[in-house]
K.L.:
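So that we are looking at the same thing, I have put the structure below in structure tokens.
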Amino acid sequence: MALSKKITLEYDSGVSLPVESAYIVITSILIDKNIVTLYVSSYVSRQHYHDGKASLEATKTLVFQHDISDTASNTTKQGYEYLKTLPEYEGAIDVLED
């Protein structure tokens with residue numbers, strides 16, 4: 001699973017670079033009881049990610065409290081659902097892997 005969304009990279013020089021369908025993926029998850037740390041990277045495309053190309057920007061570190069009840073969805077799914085609640089990822093769509 002991953003997300004897809006148009007993002008705009010902003011550089012110190014004032015240059016902006018839009019990426020129409022950035023591939024946004026949780027590259028790593030660290031769980032400490034019910035606190036989850038997500039490491040999130042964005043790529044030009046799904047193919048770039050699977051080909052091992054460099055991410056568009058530095059990996060972001062985000063923290064949230066996940067649901068550990070018996071009926072909760074898995075932590076990865078909860079992570080992507082959490083990302084979609086953040087303004088930066090608002091409007092992102094799910095990309096389901098084959």
K.L.:
Under the salt bridge (Lys or Arg N to Asp or Glu O under 4.0 Å) definition, can you give me all pairs with a residue in residues 21-45, not counting sequence neighbours?
P.N.:
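Every candidate salt bridge (Lys or Arg N to Asp or Glu O under 4.0 Å) pair involving residues 21-45 fails, so no pair, neighbours aside, qualifies.
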
K.L.:
Hydrophobic side-chain clustering at under 4.5 Å (ILVMFWY, transitive links): who's grouped with I68? Put none if nobody.
P.N.:
none

K.L.:
Please name all residues satisfying side-chain contact (heavy atoms from CB on, under 4.5 Å) with D12, sequence neighbours left out, ordered by chain then number.
P.N.:
none

K.L.:
Does anything in residues 33-52 form a ring-ring contact (aromatic ring centres under 6.0 Å, His included)? List the pairs, not counting sequence neighbours.
P.N.:
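Of all non-adjacent pairs touching residues 33-52, those that pass ring-ring contact (aromatic ring centres under 6.0 Å, His included) are Y23-Y49, Y43-Y49.
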
K.L.:
Step by step, would you call S16 with T8 a side chain to side chain donor-acceptor pair (under 3.5 Å)?
P.N.:
CA-CA 6 Å; S16 297; T8 302; over 6 Å; no

K.L.:
Can you sort out the partners of S13 under side chain to side chain donor-acceptor pair (under 3.5 Å), two or more places apart, ordered by chain and number?
P.N.:
none

K.L.:
Go through the structure and list residues passing side-chain contact (heavy atoms from CB on, under 4.5 Å) with I31, not counting sequence neighbours.
P.N.:
I29, V36, H66, T75

K.L.:
For E20, enumerate each residue passing the salt bridge (Lys or Arg N to Asp or Glu O under 4.0 Å) test, keeping only those at least two apart in sequence or located in another chain.
P.N.:
K6

K.L.:
Taking only residues two or more places apart in sequence, or in another chain, which ones meet F64 in a ring pair (Phe, Tyr, Trp, His ring centres under 6.0 Å)?
P.N.:
Y82

K.L.:
Can you list the residues that meet the salt bridge (Lys or Arg N to Asp or Glu O under 4.0 Å) rule with K84, with sequence neighbours excluded?
P.N.:
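Partners of K84 under the salt bridge (Lys or Arg N to Asp or Glu O under 4.0 Å) test: E81, D94.
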
K.L.:
Side chain to side chain donor-acceptor pair (under 3.5 Å) with S45: which residues, sequence neighbours excluded?
P.N.:
none

K.L.:
CG of L30 to OG1 of T37: how many Å apart, nearest 0.5 Å?
P.N.:
5.0 Å

K.L.:
When you compare the side chain of L38 with that of L83, does any pair of heavy atoms fall below 4.5 Å?
P.N.:
yes

K.L.:
Mind checking what makes side-chain contact (heavy atoms from CB on, under 4.5 Å) contact with S42, not counting sequence neighbours?
P.N.:
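Once residues adjacent in sequence are excluded, the partners of S42 under the side-chain contact (heavy atoms from CB on, under 4.5 Å) criterion are I7, I24, L56, E57.
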
K.L.:
According to side-chain contact (heavy atoms from CB on, under 4.5 Å), who are the partners of E90, at least two apart in sequence or on a separate chain?
P.N.:
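side-chain contact (heavy atoms from CB on, under 4.5 Å) check on E90 returns nothing, list empty.
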
K.L.:
So do V63 and I35 actually touch side chain to side chain, heavy atoms under 4.5 Å?
P.N.:
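With C-beta onward as the side chain, the pair touches.
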
K.L.:
What's the separation between atom OG1 in T76 and atom CE in M1, rounded to the nearest 0.5 Å?
P.N.:
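Rounded to the nearest 0.5 Å, the OG1-CE separation comes to 9.5 Å.
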
K.L.:
Determine whether L86 and L62 make a side-chain contact, defined as any pair of heavy atoms from C-beta on separated by less than 4.5 Å.
P.N.:
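A side-chain contact under 4.5 Å exists here.
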
K.L.:
Which atom names give the shortest non-hydrogen contact between S73 and Q78, and what distance separates them?
P.N.:
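Distance-wise, the nearest heavy atoms are O-NE2, 2.6 Å.
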
K.L.:
Is a side-chain donor or acceptor of D67 paired with a backbone partner of S69 at a separation under 3.5 angstrom?
P.N.:
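Yes; at least one donor-acceptor contact below 3.5 Å.
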
